[in-house]
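Take a look at the structure set out below.
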Amino acid sequence: MQKTFENWLVVSDIDGTLNNKIRKLPKRNYNAIKQFTDLGGNFTLASGRLQSSLERNYNRITPNQPAIVLNGAGIYDYDKRKMLWRSTIGEKGREFVRYISHEFDDIFKSVDIGVYFDDYVYIVRDGLLSSGTMHFDKARHEHVRSIDEVPKDGWMKVIFWSNPFTIKKLNEVIKNLDNPDANFMSSSLFSLEMLQKDTHKGVGIMKLADMIGIDKSHVAAIGDYYNDWDMLKTVGLPACAGQAPKLIHNICKFEACHCNKGCVADLLEYIMSGKAEEDMAKEAILK
């Protein structure tokens with residue numbers, strides 16, 4: 001009898017992981033995901049995107065579980081068209097964004113701010129970086145003149161966009177202020193993301209694992225950059241694309257090939273071959 005994988009949950013980042021460097025899906029990844037889900041394995045995606053922006057990638061493959069959206073701030077079920085769980089930014093976090101927007105206006109005039117809700121974005125200080133993100137993600141959005149025009153409740157995440165020098169200065173400001181009950185993460189040299197404290201992709205993934213009854217030891221995730229750090233530190237089997245930074249490789253138990261060659265397939269083949277279970281058994285003995 002062929003082995004099945006109902007006891008596994010595998011979650012993949014998108015750009016630089018599921019997709020190659022030009023945002024195309026390697027056929028090898030598609031085939032491995034289909035084989036894994038056909039054999040009962042649980043597979044889904046984790047992304048910083050809104051559910052509508054993520055849906056195109058979700059529908060190109062054969063996932064069978066709700067997706068982790070907005071870097072772990074929500075779990076969205078595409079079959080039910082419903083957000084199953086969300087973590088919203090509290091009052092202290094919202095006040096911090098207003099503080100940056102108002103008090104540091106002279107310093108950070110070049111900072112674009114995007115406030116993300118369930119499936120909508122309010123853009124303060126529209127610039128090339130925020131406009132480019134909205135275009136590539138095809139995100140529903142509107143421009144406002146002030147952060148005070150953004151609705152008070154329901155903030156899922158905030159993105160600050162600017163040049164690397166200004167983003168570095170913003171990080172320095174954050175370090176010198178009282179913690180605004182927020183989790184900050186770098187998503188590129190040009191952007192800094194903010195979620196509610198103790199919220200990240202790993203939290204969303206483990207919430208989903210609990211919902212479907214998967215033990216942490218059989219929760220695997222694969223990513224390629226520092227915004228995947230918390231996710232990889234949380235799951236039982238962290239994996240990375242071959243081109244990931246060295247520090248990401250250092251925290252992973254499985255190192256896959258470059259994303260252009262189908263790194264998600266590498267991870268799934270490792271699990272389906274039985275080698276993952278063997279390595280877990282060896283690790284348990286050594287402990």
Side-chain angles (χ1 to χ4, degrees), residues 13-24 46-50 53-54 57 69-73 89 93 96-117 120-147 150 155-177 180 182-196 199-201 223-232 240-241 243-248 259-260:
D13 175 47
I14 300 179
D15 296 321
T17 308
L18 176 74
N19 294 336
N20 62 23
K21 283 296 186 180
I22 57 171
R23 295 194 171 195
K24 299 294 184 182
S47 172
R49 301 179 191 181
L50 302 160
S53 301
L54 173 59
N57 288 280
V69 297
L70 297 170
N71 275 335
I89 294 172
F96 169 79
V97 177
R98 290 189 178 91
Y99 172 71
I100 292 297
S101 177
H102 294 310
E103 300 300 324
F104 285 83
D105 188 65
D106 290 338
I107 301 175
F108 296 119
K109 279 190 181 298
S110 60
V111 176
D112 303 343
I113 300 173
V115 182
Y116 284 63
F117 288 72
Y120 201 79
V121 188
Y122 288 86
I123 300 292
V124 184
R125 293 199 192 103
D126 178 34
L128 286 176
L129 293 169
S130 58
S131 295
T133 302
M134 295 301 101
H135 173 74
F136 283 115
D137 289 349
K138 294 182 170 58
R140 295 172 60 241
H141 65 282
E142 70 176 272
H143 304 287
V144 294
R145 290 172 296 178
S146 166
I147 197 73
V150 178
W155 295 26
M156 301 280 277
K157 79 168 183 176
V158 175
I159 299 185
F160 303 96
W161 292 276
S162 192
N163 60 76
F165 176 74
T166 304
I167 290 295
K168 182 180 179 181
K169 284 174 35 178
L170 180 56
N171 270 310
E172 290 170 357
V173 169
I174 290 166
K175 289 176 183 177
N176 291 325
L177 290 175
N183 181 26
F184 294 93
M185 64 188 72
S186 171
S187 47
S188 76
L189 291 173
F190 305 95
S191 58
L192 181 70
E193 303 197 13
M194 170 184 164
L195 299 108
Q196 176 61 13
T199 300
H200 50 75
K201 287 180 183 177
D224 74 306
Y225 200 64
Y226 294 112
N227 58 328
D228 298 315
W229 178 276
D230 289 327
M231 171 180 81
L232 297 173
C240 64
Q243 81 282 359
K246 187 175 186 300
L247 288 176
I248 298 296
C259 67
N260 290 348

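Just so we're clear, the structure is a prediction, and the values are computed from it rather than from any experiment.
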Minimal heavy-atom distance between Leu129 and Ser162, with the atoms involved, is CD1-O, 3.4 Å

Pairing donors with acceptors under 3.5 angstrom, does anything connect the side chains of Ser130 and Thr133? no

Report the residues that fulfil side-chain contact (heavy atoms from CB on, under 4.5 Å) with Lys21, sequence neighbours left out, ordered by chain and then residue number. Gln243, His258, Cys259, Asn260

Are Ile123 and Val115 side-chain neighbours, meaning at least one heavy-atom pair lies under 4.5 Å? no

If we check side-chain hydrogen bond (donor to acceptor under 3.5 Å, both in side chains) with Thr17, which of these qualifies: Asn20, Asp13, Asn19? Asp13

Are Leu50 and Val121 close enough, and set up right, to give a side-chain contact (heavy atoms from CB on, under 4.5 Å), and what steps lead you there? CA-CA 9 Å; Leu50 302 160; Val121 188; 3.7 Å; yes

May I ask you to test the Ile100-Val111 pair for a side-chain heavy-atom distance under 4.5 Å? no

In the structure I gave you, are the side-chain heavy atoms of Ser191 and Phe160 within less than 4.5 Å of one another anywhere? no

Does the side chain of Ile147 reach to within under 4.5 Å of the side chain of His102, using non-hydrogen atoms? yes

Nearest non-hydrogen partners of Ala241 and Gly16, listed with the distance: CB-O, 3.7 Å

Could you check whether Phe117 and Tyr122 have their ring centres less than 6.0 Å apart? yes

Regarding Asp15 and Arg49, does a basic nitrogen lie under 4.0 Å from an acidic carboxylate oxygen? yes

Are any non-hydrogen side-chain atoms of Asp228 and Lys201 less than 4.5 angstrom apart? yes

Please report the closest heavy-atom contact between Val144 and Val150, naming both atoms and the distance. CG2-CG2, 4.1 Å

Has Thr199 got a side-chain atom pairing as donor or acceptor with Gln196's backbone, closer than 3.5 angstrom? yes

Taking every non-hydrogen atom, the tightest pair across Arg23 and Asp137: NH1-OD1, 4.3 Å

To the nearest 0.5 angstrom, please state how far the CE atom of Met134 sits from the OG atom of Ser53. 7.5 Å

Looking at side-chain heavy atoms only, is the closest gap between Ile113 and Val97 below 4.5 Å? yes

Taken to the nearest 0.5 Å, the spacing of Met185 CE from His200 NE2 works out to 7.5 Å

Apply side-chain hydrogen bond (donor to acceptor under 3.5 Å, both in side chains) to Asn71 and Glu193, showing your working. CA-CA 9 Å; Asn71 275 335; Glu193 303 197 13; 2.5 Å; yes

Determine whether Asn183 and Asp230 satisfy the following criterion, side-chain contact (heavy atoms from CB on, under 4.5 Å), listing intermediate values before the conclusion. CA-CA 10 Å; Asn183 181 26; Asp230 289 327; 3.6 Å; yes

How far apart are the closest heavy atoms of Arg125 and Asp112, and which atoms are they? O-OD1, 2.5 Å

Does Asn227 form a side-chain hydrogen bond (donor to acceptor under 3.5 Å, both in side chains) with Ser186? I'd like the steps, not just the answer. CA-CA 6 Å; Asn227 58 328; Ser186 171; over 6 Å; no

Kindly compute the distance separating OG1 (Thr166) from CH2 (Trp161), expressed to the nearest 0.5 Å. 15.0 Å

Are Phe96 and Phe184, when compared by the centres of their aromatic rings, separated by less than 6.0 Å? yes

Separation between NZ of Lys175 and CG of Leu170, rounded to the nearest 0.5 Å: 11.0 Å

Please round to the nearest 0.5 Å and tell me the distance separating atom CG of Asp126 and atom NE2 of His143. 4.0 Å

Mind checking what makes side-chain contact (heavy atoms from CB on, under 4.5 Å) contact with Tyr226, not counting sequence neighbours? Pro245, Leu247, Ile248

